[in-house]
Amino acid sequence: MIELEKMLKDLHLLSGLNMSIFDLNQNLLASYPHKKSKFCNEIGKNKKSYQHCLDCDYKAMEHVKESGELYIYKCHFGLNEAIMPLYSYGVLTGYLMMGQAVIGTYRNYSKIIEKSKEYFDDQEKLKKYVAKIAILNEDQVYSFANICDIYAKYISLTNRVQAKHDNLAQEVKKYIISNYNKEITIEQLCAYFFCSRSTLLNHFKSKYNTTIHKFLLDYRLEIASELLINEKISVKEISYKCGFEDPNYFCKVFRKKYNKSPLEFKNERT
């Protein structure tokens, strides 16, 4: 966290914006500055307005979870913010967030004041707090967000934000099950999960007591056996559907596992 806060401080000094790291449950892990802006702090005192903030951040997090990419958005009160995903060994573990800024001129302050005035008893205090929010042009916001995104990728590559449970093996298994019909190599998995070959292989073997290659092969053959029984398509088509580029190789490994050819297996079961 100390190293992360140093990074957040650098980003804050560069942009003048608040920088924060959250886990998947919207819990704050690190931030700079350590205190919220006076506007956000005051908004957070009211349950209704605070819920607007939580809902907005949640939607942004869900968007990033699905896209896996930097997302720039406006909060409920019209402040511009940005969010980037953080990974550990390819597993989503949190978010880097940048905020809050106003795009345009001081005239845009009036829109924020209008939308938030119901949550402030002291309207002069509201105007004072809003006037302290940074005003940037659109290019500046996008430039700062892109720089933050580079930091987020560095944090991910160095696995600085760890998951509460190391579930690399589980995520690899899920990936294989979802993509068994495509080409899958160890090199592709290492690139996808931001980890070394040894880390990938050791984690998977330790968790499932088998190799990635054997698990993938067995899973493809299991799917193939189901297709042979339930689908009226050729053995060749089934081999391609299950991710085998060579039907002859498919027949060879199928016979080795089931002690009969795919066609014999099909005829016997049907």
Side-chain angles (χ1 to χ4, degrees), residues 5 7-86 94-152:
E5 285 194 358
M7 293 183 195
L8 299 183
K9 183 178 180 180
D10 288 340
L11 290 170
H12 169 73
L13 294 176
L14 180 67
S15 65
L17 304 177
N18 289 6
M19 307 302 307
S20 307
I21 291 177
F22 291 86
D23 68 12
L24 297 179
N25 297 314
Q26 288 184 283
N27 297 313
L28 182 65
L29 300 180
S31 66
Y32 196 91
H34 296 136
K35 292 183 179 180
K36 294 181 180 179
S37 69
K38 290 188 176 181
F39 173 79
C40 291
N41 187 61
E42 199 68 26
I43 285 293
K45 292 179 181 179
N46 181 287
K47 286 186 178 180
K48 185 179 177 182
S49 60
Y50 183 58
Q51 191 60 48
H52 284 315
C53 295
L54 290 179
D55 291 344
C56 190
D57 288 344
Y58 176 77
K59 288 179 182 177
M61 289 176 181
E62 286 299 300
H63 179 91
V64 169
K65 187 186 293 185
E66 188 173 330
S67 69
E69 297 177 351
L70 158 70
Y71 179 49
I72 298 174
Y73 64 101
K74 282 183 186 284
C75 77
H76 177 78
F77 298 100
L79 303 179
N80 292 89
E81 302 182 322
I83 180 171
M84 312 93 201
L86 298 174
Y95 307 94
L96 173 62
M97 298 187 74
M98 178 192 91
Q100 294 73 31
V102 176
I103 293 179
T105 67
Y106 69 91
R107 292 176 184 172
N108 294 76
Y109 283 153
S110 59
K111 296 179 182 178
I112 299 169
I113 292 170
E114 182 63 29
K115 204 158 189 179
S116 54
K117 65 181 182 181
E118 65 178 288
Y119 304 109
F120 282 79
D121 295 328
D122 188 335
Q123 297 300 304
E124 289 304 313
K125 184 185 286 186
L126 168 60
K127 293 175 183 177
K128 181 180 176 182
Y129 289 168
V130 170
K132 291 184 177 181
I133 300 171
I135 292 180
L136 304 172
N137 62 46
E138 191 170 348
D139 287 341
Q140 286 176 311
V141 169
Y142 276 83
S143 294
F144 290 143
N146 286 327
I147 292 170
C148 290
D149 196 38
I150 294 171
Y151 267 71

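On a predicted model such as this, the values are computed, not experimentally measured, just so you know.
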Do [X] and [Y] have side chains that approach each other closer than 4.5 Å (heavy atoms only, starting at C-beta)?
| X | Y | answer |
| --- | --- | --- |
| D149 | E69 | no |
| D57 | E81 | yes |
| L17 | L11 | no |
| S37 | I133 | no |
| F22 | I83 | no |
| E5 | H34 | yes |
| K9 | L13 | yes |

Plane angle bin for [Y] and [X] - parallel if under 30°, tilted between 30 and 60°, otherwise perpendicular:
| X | Y | answer |
| --- | --- | --- |
| F120 | F39 | parallel |
| Y71 | Y73 | parallel |
| H52 | H76 | parallel |

- Query: Just by modelled atom types, is the N137 backbone N or O under 3.5 Å from a matching donor or acceptor in the Q140 side chain?
  - Reply: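 Answer holds: yes.
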Check whether more than 12 heavy atoms from other residues, nucleotides or ligands sit under 6.0 Å from atom [atom1] of [X], and answer yes or no.
| X | atom1 | value |
| --- | --- | --- |
| K128 | NZ | no |
| D122 | CG | yes |
| E66 | CD | no |

Restricting to non-hydrogen atoms, name the atom on [X] and the atom on [Y] that form the minimum distance, rounded to 0.1 Å.
| X | Y | answer |
| --- | --- | --- |
| M84 | V64 | C-CG1, 4.2 Å |
| C75 | C56 | CA-SG, 3.3 Å |
| A131 | Y109 | O-OH, 3.2 Å |
| P85 | G68 | CG-O, 3.6 Å |

Between atom [atom1] of [X] and atom [atom2] of [Y], what is the distance when rounded to the nearest 0.5 Å?
| X | Y | atom1 | atom2 | value |
| --- | --- | --- | --- | --- |
| N80 | F144 | CG | CZ | 13.0 Å |
| N18 | Y32 | CG | OH | 10.5 Å |
| C40 | K45 | SG | NZ | 12.5 Å |
| Y129 | K38 | OH | NZ | 5.5 Å |
| D55 | Y50 | CG | OH | 11.0 Å |
| N108 | L79 | CG | CG | 10.5 Å |

- Worked check of side-chain contact (heavy atoms from CB on, under 4.5 Å) between K117 and L126: CA-CA 7 Å; K117 65 181 182 181; L126 168 60; 3.8 Å; yes
- Any ion pair linking E62 and K65 (charged N to carboxylate O, less than 4.0 Å)?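 A salt bridge links K65 with E62.
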- Query: Got a sec, which residues hit side-chain contact (heavy atoms from CB on, under 4.5 Å) with E138, two or more places apart in sequence or on another chain?
  - Reply: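 With sequence neighbours excluded, E138 shows a side-chain contact (heavy atoms from CB on, under 4.5 Å) to I103, Y142, given in chain and number order.
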- Would you please test D23 and Y95 for side-chain contact (heavy atoms from CB on, under 4.5 Å) and show each step? CA-CA 6 Å; D23 68 12; Y95 307 94; over 6 Å; no
